[in-house]
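Taking it in order: structure first as structure tokens, then the write-up.
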2 protein chains.
Amino acid sequence: MNTRKKVSIAVVKRLPRYYRYLYNLLKENVTRISSKELSQNMGITASQIRQDLNCFGGFGQQGYGYNVHVLYNEIGNILGANKNYQAIIIGAGNMGRALANYRNFEKRGYEINGIFDVDMNVIGQKINGIVVMPIDKMDYFIKNNNTQIAILTVPHEYTKDVAERAATAGIKALWNFSAMDLQIPDVVVENVHLSDSLMVLGYRLKEATEENKFEETELK
Amino acid sequence: MNTRKKVSIAVVKRLPRYYRYLYNLLKENVTRISSKELSQNMGITASQIRQDLNCFGGFGQQGYGYNVHVLYNEIGNILGANKNYQAIIIGAGNMGRALANYRNFEKRGYEINGIFDVDMNVIGQKINGIVVMPIDKMDYFIKNNNTQIAILTVPHEYTKDVAERAATAGIKALWNFSAMDLQIPDVVVENVHLSDSLMVLGYRLKEATEENKFEETELK
DNA sequence: TAGATTGTTAATCGATTAACAATC
DNA sequence: TAGATTGTTAATCGATTAACAATC
């Protein structure tokens, strides 16, 4: 019986951070690290690090700490960094192009093997070696290539429609860049929302500025 | 005395979402909405919506609900959507270009008035009407234009260095797209980490697939 | 063996949800 | 006025932190 408790999203979101820090340690030829040292590097409590890792297994050794190489690989496995997922990009606009040229994907085990658009001026062009195809061919392509992931970079008025078509064709996960929350049954959706992130930045900037003003007033 | 309790980041991160939903209601000419209706639209509890909003003030009216227009403007003010911040982009690569062409910025009150790069082939080019300048001119430009925000899209090995230079020149907030956590005293940093987001997607896709396999096995 | 550090249980803290009096 | 819905306090839930026995 599958008794494994569901890991909270807060924990999962920290995994890529661990992965990055461990990669850096690996590059610096550090072979072992304790949760305490990692904690000082990352600004997370050692307790939380141990708690997080133990959601997935005991990767450390009492009295020693963690072997950097082992832990790096374990987290990679947990994140599916070795899965070699197939992905397509829908929407060959600025963001779509930027992502098509993004080098980190291959490194993480993702392969982009199709780009789709509606614009006749763009169809046929090559972006990072991949020919842009007409969106009418998308459904067929997804089925034929067993594509799991679709990266959505279309204007937000088309998002819902295109997402549903992709899901029907067999897409299992959507990486959604449009300023619109997507929810599709049985499909994993990761919403990016750059403009939300920017607004949070604006809020924090405003707060910081006001705090500052207040302190200045106090000093007078 | 400033007795206002600090609003948690979890609350702040929901504000742009409220803002988007209210904007849509506004477009549909909806004039009033209750926390209950909004809750059904957004998949958030009505209690949380009221709790969130009341961190900033009582914008509603008992027995009536919220006036969409009023609430939209209030949240806009809270987020500083009316502040007209000046921003520069550092790094005219694929991501920098995509962001320079991103239409939503102006709408949110951000103005990009400078793009910087080191590449002589790129310097002098125009991106969305803005000339790319050599990075040596950055410090002077920031001081002279009173630029508050820098958007960082440089390769991650330069990130820390460039960020610190920008901060010294007077930048107050950094929107960081490199796969490296930044922390700079007295500067607001919002890290985007696209590759982290993609790995979380990968994790969730893997989980969903395994769950499915497991269920299939059970049925046999 | 002694020292170090994990894995794990218990305590604390904060965020979400529920409940309801206030009031439009 | 009666009905509806807020603003706000109290209860619950979950996530983080602390503590410590297990063990390398």
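Values reported hereafter were calculated over all heavy atoms of this structure, with side chains retained and with hydrogens, waters and symmetry mates removed. We name chains A, B, ... by the order of the sequence lines, and we start the count at 1 in each one.
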Side chains of [X] and [Y], donor plus acceptor under 3.5 Å:
X        : Y        : answer
A:Asp52  : A:Tyr18  : yes
B:Ser178 : B:Asn176 : yes
B:Glu37  : B:Ser34  : yes

Rounded off to whole Å, could you give me the [atom1]-to-[atom2] distance for the [X] and [N] pair?
X       : N      : atom1 : atom2 : answer
A:Lys13 : D:dT16 : NZ    : P     : 12 Å
A:Asn67 : C:dT6  : CG    : P     : 13 Å
B:Gln61 : D:dT6  : CD    : C1'   : 9 Å
A:Gln51 : D:dA19 : CD    : P     : 15 Å
A:Lys6  : D:dA15 : NZ    : P     : 10 Å
B:Phe59 : D:dT8  : CZ    : C1'   : 15 Å
A:Ile49 : D:dA15 : CD1   : C1'   : 16 Å
A:Tyr64 : C:dT5  : OH    : P     : 11 Å

Practice problem: If a pair satisfies side-chain hydrogen bond (donor to acceptor under 3.5 Å, both in side chains) and one of its residues is in residues 23-32 of chain B, list it, with sequence neighbours excluded. | Solution: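 Listed by first then second residue: nothing to list.
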Quiz item: For C:dC13, which nucleotide in any strand shown is its Watson-Crick or wobble partner with both distances under 3.5 Å?
Solution: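 Pairing partner: D:dG14.
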Self-check item: Counterpart base for D:dC20, defined by Watson-Crick or G-U wobble contacts under 3.5 Å
Solution: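 Matched D:dC20 with C:dG7 under the 3.5 Å cut-off.
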Counting only side-chain nitrogens and oxygens, does [X] get under 4.0 Å of the OP1 or OP2 atom of [N]?
X       : N      : result
B:Tyr66 : D:dG7  : yes
A:Arg32 : C:dA4  : no
A:Arg50 : D:dA19 : no

Quiz item: Can you tell me if B:Asn191 uses its side chain to pair, donor with acceptor, with the backbone of B:His193 under 3.5 Å?
Solution: no
Practice problem: Enumerate the residues from residues 33-48 of chain B whose closest heavy atom to DNA chain D is under 4.0 Å, giving them by residue number; use none for an empty result. | Solution: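 Residues of residues 33-48 of chain B that come under 4.0 Å of DNA chain D are, in numerical order, B:Ser34, B:Ser35.
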Quiz item: From A:Arg165 CZ over to A:Ile142 CD1, what is the distance, rounded to the nearest 0.5 angstrom?
Solution: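 Output value for this atom pair is 8.0 Å.
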Quiz item: To the nearest 0.5 Å, what is the distance between CZ (A:Phe105) and CG (A:Leu99)?
Solution: 5.0 Å
